Amino acid sequence: MNAISRGTHIHVTRNLIGSKWQSAISGRTLPMVEPSTGAIFAQIAASDAADIDLAVRAARQAFDEGAWGKLAAFERGRLLMRLSAAVLDNADELAGIEARDCGKPMKQARADVIATARYFEFYGGAADKLHGDTIPYLAGMTVIGLREPLGVTAHIIPWNYPMQIFGRSVGASLAAGNACVVKPAEDACLSLIRIAELALAVGFPPGALNLVTGTGEAAGGALTAHPQIDFISFTGSPEVGTLVQKAAAENHVGVTLELGGKSPQIVFADADLDSVLPFAINAIVQNAGQTCSACSRLLVERSIYDAFMERLAAAFSALRVGAHEADLDCGPLISAKQKARVETFLGEADAAGLPILARGTIVEGTADTGFFVPPTLIGNVPPEMRLAREEIFGPVLSAIPFSDEAEAVRLANSTDFGLVAALWTRDGARQMRLARALRCGQVFVNGFGAGGGIELPFGGVKKSGHGREKGFEALYEFTAMKTIVFKHG
Ligand code: NAD
């Protein structure tokens with residue numbers, strides 16, 4: 001796998017089923033495209049329902065009868081800790097793979113490796129601390145609430161942060177004692193194949209972790225519809241989230257949906273503007289804006305709007321865009337499809353005559369076959385436009401002025417989404433009022449770091465989805481409580 005991060009040889013990867021690596025039963029493969037150049041650099045197994053069925057059976061066996069289902073909680077935790085250490089030991093290789101596969105600048109890919117290791121470490125440490133309850137009840141009776149794993153969990157992973165989202169979802173599920181079947185995104189998934197190799201190497205028993213690549217329709221659809229899975233964890237688009245929830249309904253299994261957002265940063269005139277500036281930029285430029293928790297709307301109090309926009313525009317104009325290896329401020333988008341989607345939104349800004357306040361620069365020598373879109377700052381975006389309402393998933397920031405606190409809250413809550421928000425003000429009472437009034441899953445006051453907080457429960461309201469990942473909260477999603485009532489007199 002080493003050579004995946006560089007070089008021209010085209011690697012062909014396989015699925016992990018039980019403890020065996022095998023090609024798709026059909027023998028078909030899918031090409032993997034390097035976003036920085038548009039060139040094919042690997043092939044993955046193009047799996048379908050037959051491969052998914054093998055993987056689910058392997059997981060079922062591991063959970064119901066295999067060594068995995070018999071491990072003590074601390075032993076599961078120890079394996080996750082070992083996996084965390086193995087990820088760090090192989091950090092350069094994993095970062096190189098993720099950078100090439102996703103188009104991320106190397107520094108971003110390195111940060112993703114560290115976060116992934118932290119997920120395994122956090123959930124490794126939590127595995128034997130997930131207690132049940134005793135419940136006060138009638139005289140002569142003792143009631144135990146036993147927290148049990150669900151069984152086989154299905155994980156549909158997107159392409160924007162393959163390693164991190166695998167870490168947060170699969171890490172929590174394994175810690176809770178489930179056996180996992182993972183269907184990564186067909187646009188970027190090579191780092192996960194390497195992590196699965198590491199999981200086998202550190203001693204995870206056969207079938208605890210199974211990984212099957214393929215398209216969303218053929219492999220993802222087959223996994224979410226499989227009658228022997230017990231839970232689905234999905235991160236991706238609202239449209240596919242609907243399909244996944246329907247599939248979950250057919251089998252009456254639980255589901256967590258993390259469907260992205262249109263998150264706001266709200267900047268009041270009394271904020272420390274020097275502090276706001278780097279956060280306003282990073283929250284939309286990180287990963288070329290392809291981040292579920294990206295802050296793609298900047299709501300700014302009208303009295304400072306022009307002056308702040310001038311400063312922000314100067315900083316935006318200085319942003320440099322290039323190939324993942326160049327390690328600049330921003331890399332390419334994941335695919336030609338995603339680039340076309342972002343350009344459609346930019347076309348709407350042009351057609352409406354909106355002021356383009358700043359654009360970053362694609363540096364010389366960047367391949368014109370890569371999927372590059374410069375970071376773009378658009379001013380005075382009318383709140384009813386698609387630019388201010390829909391998830392663009394690109395480095396496009398829509399700035400919107402507001403007049404007072406009430407209008408700020410109304411605008412912030414005015415989209416169909418509700419994932420995160422950042423709030424910048426020195427007024428303590430206002431901080432508390434707004435943090436309560438904002439309809440979303442996380443609020444950052446005078447700071448922002450939605451992606452970084454492994455310990456912090458994360459998830460949405462409204463069309464951003466439901467259920468919580470990260471932190472201890474995720475462990476409750478991946479377990480169910482059994483109530484046992486003893487009558488002893
Ligand atoms: P997508 O929802 O199609 O893909 C996400 C995952 O779902 C992939 O693994 C894909 O293979 C799988 N999938 C697709 N169809 C499926 C099906 N019928 N059944 C089961 N699994 C299926 O997302 P996309 O098309 O790659 O991106 C489109 C938009 O989604 C983006 O522009 C962005 O707005 C949003 N998105 C959000 C996130 C996030 O982190 N919330 C991640 C990726 C994409």
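Counting convention: from 1, in listed order, for ligands and their atoms alike. In this text, all values refer to a predicted model and were calculated from it rather than measured experimentally.
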Where is the nearest protein heavy atom to [atom]: which residue, which atom, and how far?
atom                    : value
atom 1 (P) of ligand 1  : S237 OG, 3.6 Å
atom 35 (C) of ligand 1 : E391 OE1, 3.7 Å
atom 39 (C) of ligand 1 : C292 CB, 3.6 Å
atom 42 (C) of ligand 1 : P158 CB, 3.4 Å

Checking contacts here: is it the side chain or the backbone of L223 that comes within 4.0 Å of ligand 1, counting heavy atoms only? Could be both or neither. neither

Checking heavy atoms under 4.0 Å, the part of P238 that sits near ligand 1 is neither

Atom 30 (O) of ligand 1 protein-contacted (non-hydrogen atom, under 4.0 angstrom): yes

Do any nitrogen or oxygen atoms of [X] lie less than 3.5 angstrom from nitrogen or oxygen atoms of ligand 1?
X    : value
N160 : yes
W159 : yes
I165 : no

Is it true that H11 and T13 share a donor-acceptor pair across their side chains at a distance under 3.5 Å? no

Take a 6.0 Å sphere around CD of E217 and say whether it holds more than 12 heavy atoms from other residues, nucleotides or ligands. no

Can you confirm whether K107 is buried at NZ, in the sense that more than 12 heavy atoms of other residues, nucleotides or ligands lie under 6.0 Å from that atom? yes

Students often mix this up, so state it plainly: with edges at 30° and 60°, are the rings of [X] and [Y] parallel, tilted or perpendicular?
X    : Y    : value
F204 : W68  : tilted
F279 : W424 : tilted
Y119 : Y123 : parallel

The single option from N15, V12, V212, L190 that satisfies side chain to side chain contact (heavy atoms under 4.5 Å, CB included) with I44 is L190

Nearest candidate to atom 12 (C) of ligand 1, where distance is taken over non-hydrogen atoms, out of L257, L259, I156: I156

